[in-house]
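Please read all numbers here as calculations on a predicted model, not as lab measurements. Both ligands and their constituent atoms are indexed starting at 1 by order of listing.
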Amino acid sequence: MIFINETLFSKTKTIINKYEFTFKKKFGQNFLIDNHVLNKIISSAEIDENDVVIEIGPGIGTLTAEVAKKAFKVVAVEIDRTLVPILCDTLSDFDNIEIINEDILKVDIREIAKRYFDKNIKIVANLPYYITTPIIMEILEKRFPVESITVMVQREVAYRMGAKPSSKDYGALSLSVQYFCEPYIVANVPRNCFMPRPNVDSAVIKLTVLEEPFVKTNDIKLMFHIIKLAFSQRRKTLLNCLFNSGDFGFSKEEITEVLNEVGFDEKIRGETLGLSDFGKIADAFYKKIE
Ligand code: SAM
């Protein structure tokens, strides 16, 4: 059971009132008001003085201040310009915070990493939920030199990212994230830990970025195309998903032959397969196309 921490709650209320700040739904503004959850994010992110932390959406600076106490530097990217004067006030005691008033999707993260080439780059955020998947996949797919991503996301999305084969949450997102990272669900966070209270529950997830992707395959695009098709009709066999898609370019017999060749029955369903299995299957099709 998580109790609302009165201090963080009243502190947030005082700042909101002082600046007559109005929450903007379109920016996913749900500020964290629970100290216990704040501490959980900080401890799981394992920040030290050799780290440069990029924070996405600092809001009024609650998480930013705690990160800045531990990190070498915090680069906080906030889209809402009305929050900038508030941040300058709430974070005035720190000299290791840079505030960038920009949309994170337009910020060159590689450029920031280059500036701090001798430091470890970590991402920490209570994410605005509308950009969760785009920003995480952008960081991973472009292989920005980031060591870990510790973020608050919608609970359902956290479970999908961390899901294992044959579970109900397992799907293309699980495989895309786990190709690049080792996921770990740090905490479940109920909706009453935020101001204003959102309509969904949340969870903190830590993604530790792997030095090398989880599997080696000849053609990543082909592997992820197969994965996408495999989950397009969840309850169908992989054979039917690939064949029914109409754009896979192999007959039923040829697909069966390839699946059997790498040790799978033609009745196998995508939801039971792991990344290594999809890697093997993709390589077998790759050989046929070559
Ligand atoms: N970090 C604060 C906290 O934990 O209380 C605020 C978190 S709130 C869920 C999300 C924050 O992200 C808001 O401050 C919002 O204005 C900001 N934001 C929304 N979209 C953004 C974007 N595309 N780029 C940067 N910041 C964004």
Next on the checklist: Taking Lys122's backbone N and O only, do any of them form a donor-acceptor pair with Asp51's side chain (distance below 3.5 Å, no angle check)?
Outcome noted: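 Judged by distance alone, no pair lies under 3.5 Å.
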- prompt: Could you walk me through whether Phe231 and Glu271 pass the side-chain contact (heavy atoms from CB on, under 4.5 Å) check?
  reply: CA-CA 7 Å; Phe231 289 95; Glu271 62 183 359; 3.9 Å; yes
Check your understanding: In terms of heavy-atom contacts, does NZ of Lys40 have more than 12 from other residues, nucleotides or ligands at under 6.0 Å?
Key -> no
Across all chains, not counting sequence neighbours, the side chain to side chain donor-acceptor pair (under 3.5 Å) partners of Arg191 are Asp201
Asp103 meets the salt bridge (Lys or Arg N to Asp or Glu O under 4.0 Å) criterion, sequence neighbours left out, with none
Can you pull the residues with any heavy atom under 4.0 Å from ligand 1?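 The answer is Phe27, Gly28, Gln29, Asn30, Phe31, Leu32, Glu55, Gly57, Pro58, Gly59, Val77, Glu78, Ile79, Asp80, Leu83, Glu102, Asp103, Ile104, Asn126, Leu127, Pro128, Tyr130, Ile131, counting any residue whose heavy atom sits under 4.0 Å from ligand 1.
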field: Any pair counted as side chain to side chain donor-acceptor pair (under 3.5 Å), so long as it reaches residues 127-141, sequence neighbours left out
entry: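 Sorted pair list: Tyr129-Ser202, Glu138-Lys142.
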